[in-house]
Amino acid sequence: MEYIKRNIEDKISKSLKNFPVTAIIGPRQCGKSTLVKHIVGKQDSVYLDLERPSDIEKLSNPEFFLSSQKGKLICIDEIQRTPELFPLIRSLVDEWNQPGCFLILGSASRDLLKQSSESLAGRISYKTLTPFLWQELRHRKPLSLEQYLARGGFPQSVLAKDDEISFEWRENFISTFLERDLLQWSGFTPVTMRRLWQMLAHVNGQTVNYSVLSNSLGVSSSTIKNYIDLLEGTFMVSVVPPYHSNLGKRLVKAPKIYISDSGIATALLGIRNFQTLAGHPVIGSLWEQIVLVNLQAAFPEATFYYYRTTHGAEIDFVMRLFTYTFAIECKSSLSPSLSKGNYNAMEDIDPSHVFVAAPVETGWGMKENINVVNLDEIIAQIQNIIKLA
């Protein structure tokens with residue numbers, strides 16, 4: 001398969017030149033291994049995949065093996081399977097005292113890789129790789145934004161020859177993730193996790209009600225929260241907290257939860273193509289998810305919230321970046337309009353700029369300081385605002 005350049009590539013190369021350990025984290029099958037092999041190229045390196053028995057055997061005496069690779073870039077894939085390596089890596093990088101010693105890959109978040117953050121503090125740079133972003137794919141014909149919305153961004157799904165192959169891949173991914181990949185984490189059952197995941201797909205982009213979910217699944221609210229924490233820690237869901245203002249408003253306080261990839265959401269719902277998705281109520285929340293994941297990847301320093309009061313004022317996302325506050329409302333319509341609740345929320349938040357993100361060919365100015373934008377334009381305009389500061 002032809003290599004497609006990833007936006008994060010240059011940042012990883014820079015990190016390798018400045019930190020002894022670089023960690024690339026992100027969901028399984030999002031292209032981490034392919035990216036690393038491309039970056040490393042002909043560089044003197046050794047690659048270990050901790051899901052291969054032969055590579056695991058090489059680490060039967062890890063100190064001897066890793067010490068013998070001094071001077072090479074040591075790449076270790078699926079590092080979360082052997083967290084006991086982190087203290088040894090710390091010891092070696094302190095001894096070698098140079099950048100570019102280790103490049104580690106993991107399918108778990110920084111929170112789940114606690115050993116690394118504790119053992120490698122000050123020595124490690126984290127970079128998050130998502131499934132494909134629209135910026136990375138938009139010039140590939142005949143792929144359309146509609147297909148991207150229905151198939152999601154996982155390489156094997158979005159680049160499949162047809163919708164049926166894409167859908168089958170995503171179904172297999174879900175089964176493998178539940179029945180094999182999650183086995184390394186204790187305290188869950190695959191059947192209950194699948195049911196929860198499907199329920200979250202049905203309420204994608206809505207505020208989570210732990211009591212309703214626990215009653216439906218017959219487990220405690222704390223179990224539901226632990227399951228959602230695990231899905232978030234393995235990059236399968238995104239949790240967006242509420243935006244708290246000091247205005248004395250009665251705010252909705254529960255977080256919103258999104259399935260992290262639109263293609264996984266459609267597979268969980270049994271939606272096979274965009275033609276079926278176009279008439280489905282979930283399309284609006286999937287568009288929100290697409291906007292969220294592309295903005296999070298473009299601006300990793302930003303924090304994202306949603307805003308909603310009990311009186312109906314609401315904005316899909318409040319993005320805080322440096323000294324700026326951006327209000328972002330997502331509309332899956334080609335002729336978007338704003339509600340009274342949106343305008344009320346803008347008055348409460350008093351954002352620096354307001355964007356209405358829609359799947360349009362070219363955006364336009366809706367009102368003063370309010371712009372309708374597509375995915376490319378919202379990223380470009382925010383980047384320009386920051387540069388002019």
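Values below: every heavy atom of this structure, side chains too, minus hydrogens, waters and symmetry copies.
For the 3.5 Å distance criterion, the side chains of Ser157 and Arg170 qualify, holding a donor opposite an acceptor. For the 3.5 Å distance criterion, the side chains of Tyr306 and Thr207 fail to qualify, holding no donor opposite an acceptor. Asp163 and Ser166 are not linked by any side-chain donor-acceptor pair at a separation below 3.5 angstrom, with hydrogens and angles left out of the test. Between the side chains of Gln135 and Asn7, at least one donor N or O lies within less than 3.5 Å of an accepting N or O. In this structure, a donor-acceptor pair under 3.5 Å is absent between the side chains of Thr325 and Ser352.
Lys225 contributes atom NZ, which lies 13.0 Å from atom CG of Leu213 (distance to the nearest 0.5 angstrom). The line from CG of Leu105 to CG of Leu48 is 11.0 Å long, rounded to the nearest 0.5 Å. Atom CD of residue Gln80 and atom OG1 of residue Thr234 lie 10.0 Å apart, to the nearest 0.5 angstrom. One finds the OG atom of Ser337 at 8.5 Å from the CG atom of Asn342 (value rounded to the nearest 0.5 Å). Remark: Asn384 CG to Gln381 CD distance equals 8.0 Å, nearest 0.5 Å. Here the NZ atom belonging to Lys127 is positioned 12.5 Å from the CG atom belonging to Leu35, to the nearest 0.5 angstrom.
Within the 4.5 Å cutoff, the side chain of Arg140 has heavy atoms near those of the Glu2 side chain. Residues Leu200 and Leu268 are not in side-chain contact: their nearest non-hydrogen atoms beyond the backbone lie 4.5 Å or more apart. For the pair His38/Glu9, a side-chain contact is recorded, criterion being any heavy-atom separation below 4.5 Å from C-beta on. Taking 4.5 Å as the limit, some side-chain heavy atom of Asp162 sits within range of a side-chain heavy atom of Ile165. Between Phe355 and Ile382, some side-chain heavy-atom pair lies under the 4.5 Å cut-off. For the pair Thr82/Ile56, no side-chain contact is recorded, criterion being any heavy-atom separation below 4.5 Å from C-beta on. Put simply, the side chain of Tyr227 does not reach to within 4.5 Å of the side chain of Leu217, judged on heavy atoms. Between Met193 and Leu230, some side-chain heavy-atom pair lies under the 4.5 Å cut-off.
Between Tyr305 and Tyr307, the ring centre distance reaches or exceeds 6.0 Å.
Environment of CD in Glu164: crowded, with over 12 heavy atoms of neighbouring residues, nucleotides or ligands closer than 6.0 Å. Enclosure of atom CD in Glu168 is not indicated, since only 12 or fewer non-hydrogen atoms of other residues, nucleotides or ligands lie within 6.0 angstrom. Atom NZ of Lys340 has 12 or fewer heavy atoms from other residues, nucleotides or ligands within 6.0 Å. At most 12 heavy atoms of other shown residues, nucleotides or ligands fall within 6.0 angstrom of atom CD in Glu368. Heavy-atom neighbours of Arg180 CZ from other residues, nucleotides or ligands within 6.0 Å: above the threshold of 12. Counting heavy-atom neighbours within 6.0 Å of Glu361 CD, excluding the residue itself, gives a total of 12 or less.
Each of Val373, Asn371, Val356, Asn294 was checked for a side-chain contact (heavy atoms from CB on, under 4.5 Å) with Ile378, and the lone residue meeting it is Val373. The ring-ring contact (aromatic ring centres under 6.0 Å, His included) with Phe154 is formed by just one residue from the set Phe167, Trp169, Phe177; it is Trp169.
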What verdict does the side chain to side chain contact (heavy atoms under 4.5 Å, CB included) test give for Ile328 and Leu292, after you've listed the backbone C-alpha separation in whole Å, the side-chain angles of each residue and the deciding distance to 0.1 Å?
CA-CA 10 Å; Ile328 301 162; Leu292 177 64; over 6 Å; no
Kindly indicate, with the supporting measurements, whether the criterion side chain to side chain contact (heavy atoms under 4.5 Å, CB included) is fulfilled by Val239 and Val208.
CA-CA 9 Å; Val239 179; Val208 63; over 6 Å; no
Under the side chain to side chain contact (heavy atoms under 4.5 Å, CB included) criterion, do Ile315 and Tyr243 qualify, and how do the steps go?
CA-CA 10 Å; Ile315 283 288; Tyr243 181 73; over 6 Å; no
Would Asp94 and Arg123 satisfy salt bridge (Lys or Arg N to Asp or Glu O under 4.0 Å), going step by step from the backbone distance to the final call?
CA-CA 9 Å; Asp94 286 351; Arg123 307 167 180 87; 2.8 Å; yes
Passes side chain to side chain contact (heavy atoms under 4.5 Å, CB included), Val372 versus Glu377? Steps please.
CA-CA 9 Å; Val372 176; Glu377 290 168 340; over 6 Å; no
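The hydrophobic cluster containing Val293 does not contain Met236, counting ILVMFWY residues as joined when their side-chain heavy atoms lie under 4.5 angstrom apart, directly or transitively. Under the 4.5 Å side-chain heavy-atom criterion for ILVMFWY residues, no single connected hydrophobic cluster contains both Ile24 and Phe19. Cluster annotation: Met319 and Phe322 are assigned to the same hydrophobic cluster (Ile/Leu/Val/Met/Phe/Trp/Tyr, side-chain heavy-atom contacts under 4.5 Å, transitive).
Phe317 carries Lys256 over the face of its six-membered ring, with the cationic atom under 6.0 Å from the centre and within 45° of the normal. Cation-pi geometry between Arg6 and Phe132 is satisfied (NZ or CZ under 6.0 Å from the ring centre, within 45° of the ring normal).
The two atoms that bring Leu286 and Ala265 nearest to each other are CD2-CB, 3.6 Å, heavy atoms only. When all heavy atoms of Tyr148 and Gly153 are compared, the closest pair comes out as CE1-CA, 4.0 Å. For Ser107 against Arg28, the heavy-atom pair with the smallest separation is OG-CG, 3.2 Å. When all heavy atoms are compared, the tightest approach of Glu78 to Asp49 is CG-OD1, 4.3 Å.
Under a 3.5 Å cut-off, the side chain of Arg194 and the backbone N or O of Thr192 do not form any donor-acceptor pair.
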